[in-house]
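Worksheet: the structure to be examined is printed underneath.
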Amino acid sequence: MKRKPQRRVAVIGAGMSLFMRRALETGKELSYYAASQALETAGVRLKEIQAVVMATAPDAFDGVHMKGEWLLDGAGGVRKPYLRAYVGGGSGVFSIISGWTLVASGLFDLVLVVAEEKMSSCQPHPQGAFLTIFDHTIERPLGPNLLWIFSLEQHRYMATYGIRNEDIALVSVKNKRNALDHPVAQVAASLTVKDVLASEVVAWPVHRLMVSPISDGAAAIVLASEDVARRLSDKPIWVQGVGWSLDTSYWGNRDLAYPRYVERAARMAYEMAGISEPRRQIHVAEPYDPFAYKELHHLEGLQLSDKGKAPEDLARGRFERTGELPTCPSGGLMGVGNPIAAAGLMKLCELFWQLRGEAGARQVPGNPERGLAQAWGDLMQVGTVAILGVN
Amino acid sequence: MRPASDQAPTVPTVLSALDQVEPRVWKGAMPVQFLYTAGAAGERFFQTLKRKGVFVVTRCEECRLTYLPPRIYCERCFADLSETWREVAPVGKVHTHTLVHVDRQGRNAASPTLVAFVRIDGTDGGLVTRLLEIAPADVRIDMPVELVLAPKRRRRGTLDDIIGFRNRR
Amino acid sequence: MLEYGWDAGVAISRFLDGLKAGKILGVRCNVCGRTVTPPRAFCELDFKPIDAWVELPDTGTINTYSICYITWDMKPLRKPQIPAVIEIDGTTPRAGFLHLIGGVKGSSVESIRKQLRVGMPVRAVWRKPDQREGAITDILHFEPVRGRRR
């Protein structure tokens, strides 16, 4: 980071559609539900919005080429400066980063940020679209599927630190249980570690209940500059820091046991937010959890657990909603669902509600003042981080 | 770093590597198909067309816009339009037209297709459609046209229920 | 459906020629000191052309493996695939690439895990020379090297 940005940026509204297996609504309509709700909670009319950021993952999920443009009207972007933000699974958190740059730079005072995914369109399975992220010449002839890279990474993580699958299954248990309190959740459940490990092995060490679902859904937030935020909102939630980083696309050349790209992204965000002791200064976290092990992997990259120690922290209750550092109090992707880009932005909606004390049954105790959301994606190589706080 | 002006730029050795190898092309596809939904507004549009043979539209009074195809929100002001349904007669005017001589694979079509964008009367929208029962030379901009719909028993609630538009009688 | 023709490119075409001849080729960058395979035309860390091509042995170690019971479209596989990240001997540590493990008996997680572990030495099992076509599948899979400890 060359220099700290001068203009402060706040989140003043948030909204979500239902997350579900198969929505009859179009992606535009889902986007509208989330975006109009975010505007309403912010008390802002669409005509006051000066620019729109739209995050949505590969065109091949919705089956609409150039779907950023297709989604334009549902995102409220008609006749406005409009920007599509896209770093694969990291897009949801990258969307607030993109919106933040538009406001922090002084270009705009009010920006609407929307994220959408409609994966149910893609048949017979969205994995068919994911196949092309493997190198066409030296990987696809081997017959890979997307689960390979995650199960390979999980196994390396387990082997490096001596982690048991029981320790990882606990993430599914925690997040699916937390999601029972989320009104838009798709796969909330009350389960035990035994249930998770009794679900079929899809790619050892990954069991079916350690994988987030295929989902349709949208989420949105409204960003404002400091003056505008203070005028429009009694409780603006400030973007204190953002960071992002991509590691090499030769995924086999990376250390699979440790997400260095997440660490780089986090260090950038911590520096901007003036955070020197993240474990003390972050009160609630929404690490990215498309697979159960990823939450733990990411907590270590975020410096919120020691390397290889996140499973122990989880087992002793540190990450429970009432624990020392609640993680995924929303229910995460494992519980709320995983419409890719929308799932990342859902995490920021959750921080907005948590920090305002409006999370209802999901509220973490102790009046949290600062939260962190993180997402990950592209070819397992991008970390995106945003830190929100009450002041 | 720029090369000195009197020197040819140095070509990195790797760029000549193709001289020594047989370059290869790998064939492949993205093996997916899609199931699209018409959505809340689209479903109502097609079901009404199938049942009653008319178009349903939505209207934003504030922006003075009538949406065809209908939408459940106004794209200008985000007003909720899901309670503003009304029906309009399936008639309109040729806004622009073209004669298409190639098929979707880019091959010459056996017979050219007359295609138009028809603005529907009383709305701010319209449809891309075929023009029927008319010679290409006789089509005029702003010519009034009317909907030709499939027989009721053959309608499926999709765009294929619309066969085209023809000269309004 | 759309179909594509993807160019293998400069470095990978040469790598494939190597496979056809039964050799695993890698590249070296003298700035970061890494030796990696599959080869690339430039070092993505130092952003300069690679310095040398090297012939590597066809042995390595398992960085990680998985036992996969489904296809990409969620059809069950009775005989699982065993994808692995293989670190080829002579390359920089943690610079592995994707391939498959074979020569393992049984199909249950338990029986396969008894025969494999992270860090285990493996050797490439090649197609017969007259059947090679200059493809990554000229190596059928890697199989454990018995009786060799590292």
Side-chain angles (χ1 to χ4, degrees), chain A residues 22-33 35-40 44-49 52 58-65 71-80 112 118-141 216 220, chain B residues 14 17-18 21-48 56-85 104 123-126 128 157-159:
Chain A
R22 177 149 187 77
L24 286 177
E25 286 89 346
T26 61
K28 292 168 182 249
E29 290 170 344
L30 293 172
S31 301
Y32 168 73
Y33 291 157
S36 57
Q37 193 188 112
L39 288 173
E40 196 177 318
V44 172
R45 299 184 58 181
L46 181 60
K47 67 178 182 187
E48 299 170 86
I49 292 292
V52 174
D59 292 351
F61 286 161
D62 291 54
V64 177
H65 193 50
L71 291 163
L72 175 78
D73 56 305
V78 172
R79 298 181 172 184
K80 295 183 195 299
L112 175 63
K118 192 162 183 208
M119 300 175 73
S120 69
S121 313
C122 196
Q123 303 287 327
H125 196 281
Q127 279 226 26
F130 275 126
L131 286 180
T132 56
I133 72 175
F134 288 99
D135 185 277
H136 39 70
T137 303
I138 56 170
E139 291 179 336
R140 271 191 83 182
D216 297 349
Chain B
V14 288
L18 269 181
V21 298
E22 176 195 342
R24 286 184 176 76
V25 175
W26 288 78
K27 296 250 160 76
M30 199 186 282
V32 289
Q33 293 189 315
F34 300 97
L35 277 180
Y36 301 101
T37 59
E43 199 56 36
R44 186 155 174 158
F45 178 76
F46 287 120
Q47 291 305 325
T48 308
V56 291
V57 298
T58 53
R59 177 159 175 87
C60 177
E61 289 298 340
E62 190 178 326
C63 298
R64 299 181 178 197
L65 280 174
T66 300
Y67 286 98
L68 183 140
R71 287 183 237 184
I72 57 169
Y73 53 87
C74 174
E75 69 169 32
R76 302 271 174 84
C77 73
F78 255 21
D80 180 353
L81 305 184
S82 62
E83 305 293 329
T84 68
W85 300 96
R104 274 196 283 189
T123 77
D124 295 285
V128 176
T158 69
L159 194 63

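Letters go in sequence order (proteins before strands), and every chain restarts at 1.
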Atom CD of residue position B/Q33 - does it have more than 12 heavy atoms of other residues, nucleotides or ligands inside 6.0 Å?
no
Do the side chain of B/Y73 and the main chain of A/G76 share a donor and acceptor less than 3.5 angstrom apart?
no
Under 4.5 Å heavy-atom distance to chain B, tell me which part of A/A60 shows up: side chain, backbone, both or neither.
both
Under a 4.5 Å heavy-atom cut-off, does chain B meet the side chain of A/P126, its backbone, both or neither?
neither
Can you tell me which portion of B/A41 sits under 4.5 Å from chain A's heavy atoms? Options are side chain, backbone, both or neither.
both
Show the nearest heavy-atom pair for residues B/T37 and A/T26, with the distance to one decimal.
O-CG2, 3.6 Å
Do you know which of B/V32, B/L35, B/V25 has the most heavy-atom pairs under 4.5 Å to chain A?
B/L35
Taking all atoms of both residues into account, what is the closest heavy-atom pair of A/P141 and B/W26, and its distance?
CG-CZ3, 4.1 Å
Proximal component of A/F130, with respect to chain B [non-hydrogen, under 4.5 Å]
neither
If you take all heavy atoms of B/R71 and A/D73, which pair is closest and at what distance?
NH1-OD2, 3.0 Å
CD of B/E43 to CD of A/E25: how many Å apart, nearest 0.5 Å?
11.0 Å
If you apply the rule side chain to side chain contact (heavy atoms under 4.5 Å, CB included), what do you find for A/Y33 with B/I72, and how did you get there?
CA-CA 10 Å; A/Y33 291 157; B/I72 57 169; 3.8 Å; yes
Heavy-atom contact with chain B under 4.5 Å, split by part of A/A75
backbone
Proximity breakdown for A/L39 and chain B, heavy-atom pairs closer than 4.5 Å
side chain
Looking at B/R44 and A/E29, is there a salt bridge between them, counting it only when a charged N and a carboxylate O are closer than 4.0 Å?
no
Side chain to side chain contact (heavy atoms under 4.5 Å, CB included), that's the test. Do A/L72 and B/E75 meet it? Break it down for me.
CA-CA 9 Å; A/L72 175 78; B/E75 69 169 32; over 6 Å; no
Interatomic spacing from CD in A/Q123 to OH in B/Y36 - rounded to 0.5 Å
11.0 Å
Considering non-hydrogen atoms only, spot the tightest contact between B/P31 and A/P124 and give its length.
O-CD, 4.0 Å
Heavy-atom pair count under 4.5 Å with chain B, highest-scoring of A/K80, A/K28, A/Q127, A/H125
A/K28
Cut-off 4.5 Å, heavy atoms of chain B, and the answer for A/S36 is both
Measuring heavy-atom distances to chain B, does A/L131 have an atom under 4.5 Å in its side chain, in its backbone, in both, or in neither?
side chain
Interface residue of largest heavy-atom contact number with chain B, from A/R140, A/K47, A/H136, under 4.5 Å:
A/R140
Tell me whether A/R45 at atom CZ has more than 12 heavy atoms from other residues, nucleotides or ligands lying less than 6.0 Å away.
no
